[in-house]
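A quick write-up on the structure given underneath.
The first residue in the sequence is number 1, and the count goes up from there. Counting starts at 1 for both ligands and their atoms, following the listed order.
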Amino acid sequence: MSSAIDSGFFDKGVDVSEQRTAIVTGAARGIGAAVAKKLAADGLAIAVLDLDEASTADTVKAITDAGGRALGVGADVSDEDSVAAAVEKIAKELGDPTVLINNAGITRDNLLFKMPVSDWDAVMNVHLRGAFLMTRAVQQYMVAAKFGRVVNLSSTSAQGNRGQVNYSAAKAGMQGFTKTLSIELGKFGVTANAIAPGFIETEMTAATAERVGVPFEDFKAAAASQIPVARVGQPDDIANTAAFFVSEGAGFVSGQVIYVAGGPKD
Ligand code: NAP
């Protein structure tokens, strides 16, 4: 299920026993990969979790090539047994996880009247059930350490987006989930915050462009024309925000939703 790749950390004199361990779900590519690399650069050991372990190899290699520690893990965040096995393995092979980035996500866009129940369920299961199962499995390590950081990926679609009744409901749900986590876990030194990205250039938005039949470059240009900073977002824009929430100094920031969209959102 997993492949451990430790790098030159021992040679560099890094005390691995002091290193915090983060799990980033959906980290094979896109936003998750960028977050994994940024947190590794900030000194954390990273469990690079995605559906298929083989798909995590590039992210793991990028981290270890840069001198970090990473473990590729194959798991389905919406499956209880898969999550339990993955978290146990990570704790054993990499260290007790006290940072969790619930990033894994899918879209199954359609207008309400054409949406099959299976597409509603699939989106709910990956985003909401997945974040619930992962956080429930990891919180025990955070509580024991009296330190934890949970960062959940919401979206500007939480405010409503045509063709995304399932996704927007899930991403709005992530915000309520985040706020409740912050209330329940705060006294254990655990913060929970959400990032709500706008348009970020990844395979997810490329797939949306393909679905609506618009070349990706045109799709991005149209999006950028509506964004105050006049560009679409990049995965690193989200990684930098996640790194702030995860940082030691952000312990008094909890239950927040930050829109990272190149302009104001309510
Ligand atoms: P992406 O490129 O599609 O990457 C998502 C990753 O999640 C993929 O590697 C995917 O694996 C993995 N994944 C899907 N289902 C999973 C499951 N059940 N268990 C484990 N991993 C799973 O997406 P992205 O654009 O980087 O988006 C990352 C997050 O940001 C998502 O939550 C998304 O909703 C959110 N977001 C993105 C944007 C944007 O503009 N891109 C905007 C707002 C919010 P497979 O390839 O095997 O399916």
Which residues pass the side chain to side chain contact (heavy atoms under 4.5 Å, CB included) test with D76, sequence neighbours left out? L51, S78, D79, S82
Taking only residues two or more places apart in sequence, or in another chain, which ones meet K220 in a side chain to side chain contact (heavy atoms under 4.5 Å, CB included)? F199, E201, F216, E217, V232
What residue pairs, at least two apart or across chains, pass salt bridge (charged side-chain N to carboxylate O under 4.0 Å, His left out) with a residue in residues 237-260? R20-E248, R231-D237
Heavy-atom side-chain proximity of Q140 to V143 below 4.5 angstrom: no
Side-chain touch R69/I63, heavy atoms, less than 4.5 angstrom: no
Shared hydrophobic cluster, F132 / V190 (ILVMFWY, side-chain heavy atoms < 4.5 Å): yes
Name each N or O atom in ligand 1 that is under 3.5 Å from a protein N or O, and give the partner atom and the distance.
residue	atom	partner	partner atom	Å
ligand 1	2 (O)	R29	NE	3.0
ligand 1	3 (O)	R29	NH2	2.8
ligand 1	9 (O)	D50	OD1	3.3
ligand 1	9 (O)	D50	OD2	2.7
ligand 1	11 (O)	D50	OD1	2.7
ligand 1	18 (N)	D76	OD1	2.8
ligand 1	19 (N)	V77	N	3.1
ligand 1	25 (O)	T202	OG1	2.5
ligand 1	26 (O)	I31	N	2.8
ligand 1	32 (O)	N103	O	2.7
ligand 1	32 (O)	K171	NZ	2.9
ligand 1	34 (O)	Y167	OH	2.5
ligand 1	34 (O)	K171	NZ	3.2
ligand 1	36 (N)	Y167	OH	3.4
ligand 1	40 (O)	G198	O	3.3
ligand 1	40 (O)	I200	N	2.8
ligand 1	40 (O)	I200	O	3.3
ligand 1	41 (N)	I200	O	3.3
ligand 1	41 (N)	T202	OG1	3.2
ligand 1	46 (O)	R29	NH1	2.7

